[in-house]
Amino acid sequence: MDIALVEKGPYRFRIERREPMRVPGLVFASRALLPQAAGDKALEQVANVATLPGIVRASFAMPDVHWGYGFPIGGVAATDISHGGVISPGGVGFDISCGVRLLAADIDHEALGHDRLRRLMDILDGTIPRGMGRGGLWKLSGAGEIDELLVGGARYAVEHGHGVPRDLARCEDYGVLDGAAPGQVSRRAVERGLHQVGSLGSGNHFLEVQAVDQIFDPATSAAFGLRVGQVCVMIHCGSRGLGHQVCTDHVRLMDQELHRHHIQVPDRQLACTPVESPRGHAYLGAMAAAANYGRANRQLLSEAARHAFATAAGVGLELVYDISHNTAKLETHEVDGVARPLCVHRKGATRALPPGDPSLPEDLVGAGQPVLVPGTMGTASYVMVGLPGNEAFHSACHGAGRVWSRHHALRMVRGEQLRGELEARGIAVRPSSWRGLAEEAPEAYKDVDAVTAVTEGAGLARLVARLVPLGVVKG
């Protein structure tokens with residue numbers, strides 16, 4: 001499909017609607033952040049998503065947008081459930097409920113010191129399972145127990161001693177996505193997930209020890225429990241092999257049934273089905289189960305981090321927030337002046353609720369929902385907060401966004417050299433492999449400072465705090 005991209009104002013580019021698009025595309029970006037890598041077809045994917053049955057308002061792209069499976073990563077799309085709106089696994093992604101969790105320590109960077117930081121990183125290196133197919137921290141007894149976890153999510157983990165009740169109040173959806181249907185999760189998916197609860201996985205997943213470097217909004221930072229100099233832990237991971245298999249299974253099944261619903265899509269990776277159909281209900285149930293797995297996974301890793309901090313520094317960790325960036329959720333939004341039930345796909349995009357939203361926990365209603373935006377090794381990460389008037393269904397960016405493929409990164413960077421450079425800057429690095437480290441080099445990503453500046457300039461979320469890395473455990 002030919003793309004007609006028109007600059008409509010600061011940080012806004014419009015892809016004009018043409019057949020078979022049902023709505024326009026809207027890209028929140030600066031010219032420097034528009035996809036520019038050779039072969040990156042993210043803007044074409046934005047236009048393709050605009051063809052989905054039932055889509056309303058626009059096919060949106062966040063400032064960190066880049067090429068993905070079906071949907072671009074950084075893509076947001078909502079479909080009207082009552083008017084044939086569809087759900088597409090490509091709009092969620094393979095790593096269902098992949099997300100970010102931020103915990104704040106009761107210690108400052110200076111008080112932690114070099115020696116205790118090194119000991120902390122060594123403990124984390126020795127205790128955090130990571131890498132392709134590696135085992136997890138929680139050895140589930142079998143299919144019956146994993147079914148309970150798929151229904152209960154982080155709540156199930158906390159009930160079994162892996163955390164405290166306050167953790168749930170600081171999780172999106174209080175740690176549990178309703179509607180989970182373990183019966184819609186294949187045996188193969190269960191087998192892949194049975195021994196991976198409490199593990200980072202590989203790729204861009206990480207556990208990073210950070211320090212709060214700058215505060216932009218003192219009142220909101222205080223509400224979130226953050227102060228300058230404070231040590232924090234940011235965890236980025238998802239639903240591991242279980243979520244990947246759920247996506248694989250349901251993409252295949254939906255692709256086989258497209259003709260039944262008389263649906264035509266410009267890309268087979270956009271396989272979809274009406275939300276109100278047996279297949280739509282089946283996928284929503286399986287997706288919720290995988291999402292709950294991902295939330296339990298991050299809960300287990302939080303407990304491992306707490307143990308490491310208690311051992312190395314004698315301090316605890318309080319959860320700031322846990323937010324997913326690969327989900328499809330049933331929400332009600334006003335479209336053309338009418339409240340409508342929508343299926344909101346956020347792939348590589350986070351929910352960003354504004355102050356006053358009634359679904360927020362009581363202690364965050366006045367401040368708004370934390371939006372967690374990780375950078376990459378050697379760069380800053382950010383905490384932002386949702387803003388009112390966000391036209392992209394209260395959505396914001398989820399990170400820096402890739403500009404190099406992993407193959408290109410391997411051609412350009414040596415893992416051993418990168419670790420040396422980061423260590424020389426005072427950042428302790430504990431990789432699972434040199435190859436994996438090279439693939440995630442800072443140069444492989446967009447400038448996270450620019451991404452967050454555009455996110456704020458576009459009215460999606462506001463800057464609250466900037467964090468810098470002290471040490472990173474890489475998947």
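Between Phe71 and Leu52, some side-chain heavy-atom pair lies under the 4.5 Å cut-off. Within the 4.5 Å cutoff, no side-chain heavy atoms of Cys247 are placed close to those of Tyr69. Within the 4.5 Å cutoff, the side chain of Leu137 has heavy atoms near those of the Leu301 side chain. Residues Val212 and Arg227 form no side-chain contact, since every pair of their non-hydrogen atoms from C-beta on lies 4.5 Å or further apart. Between Ser302 and Leu317, the closest side-chain pair of non-hydrogen atoms is not below 4.5 Å. Between Arg346 and Thr350 there is no side-chain heavy-atom pair separated by less than 4.5 Å. Val185 is not listed as a side-chain neighbour of Ile146, based on a closest heavy-atom distance of 4.5 Å or more. The shortest side-chain heavy-atom distance between Pro35 and Val65 falls under the 4.5 Å cut-off.
A search for side-chain contact (heavy atoms from CB on, under 4.5 Å) contacts involving Gln196 returns Ser199, Arg240, Tyr293, not counting sequence neighbours. Shown here are the ring-ring contact (aromatic ring centres under 6.0 Å, His included) partners of His244, two or more places apart in sequence or in another chain: Phe94.
Separating the CG atom in Asn204 from the CE atom in Met377 is a distance of 10.5 Å, to the nearest 0.5 Å. If you take CZ on Phe224 and CG on Asp363, they are separated by 10.0 Å, rounding to the nearest 0.5 Å. To the nearest 0.5 Å, the span separating CD on Gln299 from CG on Leu168 amounts to 6.5 Å. Going from atom CZ of Arg306 over to atom CG of Asp167 covers 4.0 Å, rounded to the nearest 0.5 Å. Remark: Ile235 CD1 to Leu207 CG distance equals 4.5 Å, nearest 0.5 Å. Atom NE2 of His250 and atom OH of Tyr283 lie 8.0 Å apart (nearest 0.5 Å).
Annotation for Pro72 and Val46: closest pair CG-CG2, 3.9 Å, computed over non-hydrogen atoms.
The pair Asp357-Arg351 does not count as a salt bridge, with every side-chain nitrogen at least 4.0 angstrom from each carboxylate oxygen. Taking the charged nitrogens against the carboxylate oxygens, Glu318 and Arg170 have no contact shorter than 4.0 Å, which rules out a salt bridge. Of the charged side-chain nitrogens involved, at least one lies within less than 4.0 Å of a carboxylate oxygen, so that Asp173 and Lys329 count as a salt-bridged pair. A salt bridge links Arg406 to Glu440: at least one charged side-chain nitrogen sits closer than 4.0 Å to a carboxylate oxygen.
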task: Applying side chain to side chain donor-acceptor pair (under 3.5 Å), run through Tyr382 and Asp449 and close with a yes or a no.
output: CA-CA 9 Å; Tyr382 286 86; Asp449 299 336; 2.5 Å; yes
Check against side chain to side chain contact (heavy atoms under 4.5 Å, CB included), Leu319 and Cys171: CA-CA 8 Å; Leu319 182 58; Cys171 285; 3.9 Å; yes
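Here the side chain of Thr327 pairs no donor or acceptor atom with the backbone of Ser97 at under 3.5 angstrom. Between the side chain of His205 and the backbone N or O of Cys237 there is no donor-acceptor pair closer than 3.5 Å. Gln230 places a side-chain N or O within 3.5 Å of a backbone atom of Ala105 that can act as its donor or acceptor partner. A donor-acceptor pair is defined here as one N or O able to donate and one able to accept, closer than 3.5 Å; such a pair exists between the side chain of Arg130 and the backbone of Ile128.
Applying the side-chain hydrogen bond (donor to acceptor under 3.5 Å, both in side chains) test to residues at least two apart or on different chains, none of the pairs has a partner in residues 450-461.
Within 6.0 Å of the NE2 atom in His109, the count of heavy atoms belonging to other residues, nucleotides or ligands does not exceed 12. Around the CZ atom of Arg155, the shell of radius 6.0 Å holds no more than 12 heavy atoms that belong to other residues, nucleotides or ligands.
Each of Leu372, Asp322, Val371 was scored for a side-chain contact (heavy atoms from CB on, under 4.5 Å) with Val100, with one residue passing: Leu372.
For His236 and His325, the gap between ring centers is short of 6.0 Å.
Taking the six-membered ring where tryptophan is involved, the planes of His162 and Trp138 are tilted, since the angle between them lies from 30° to 60°.
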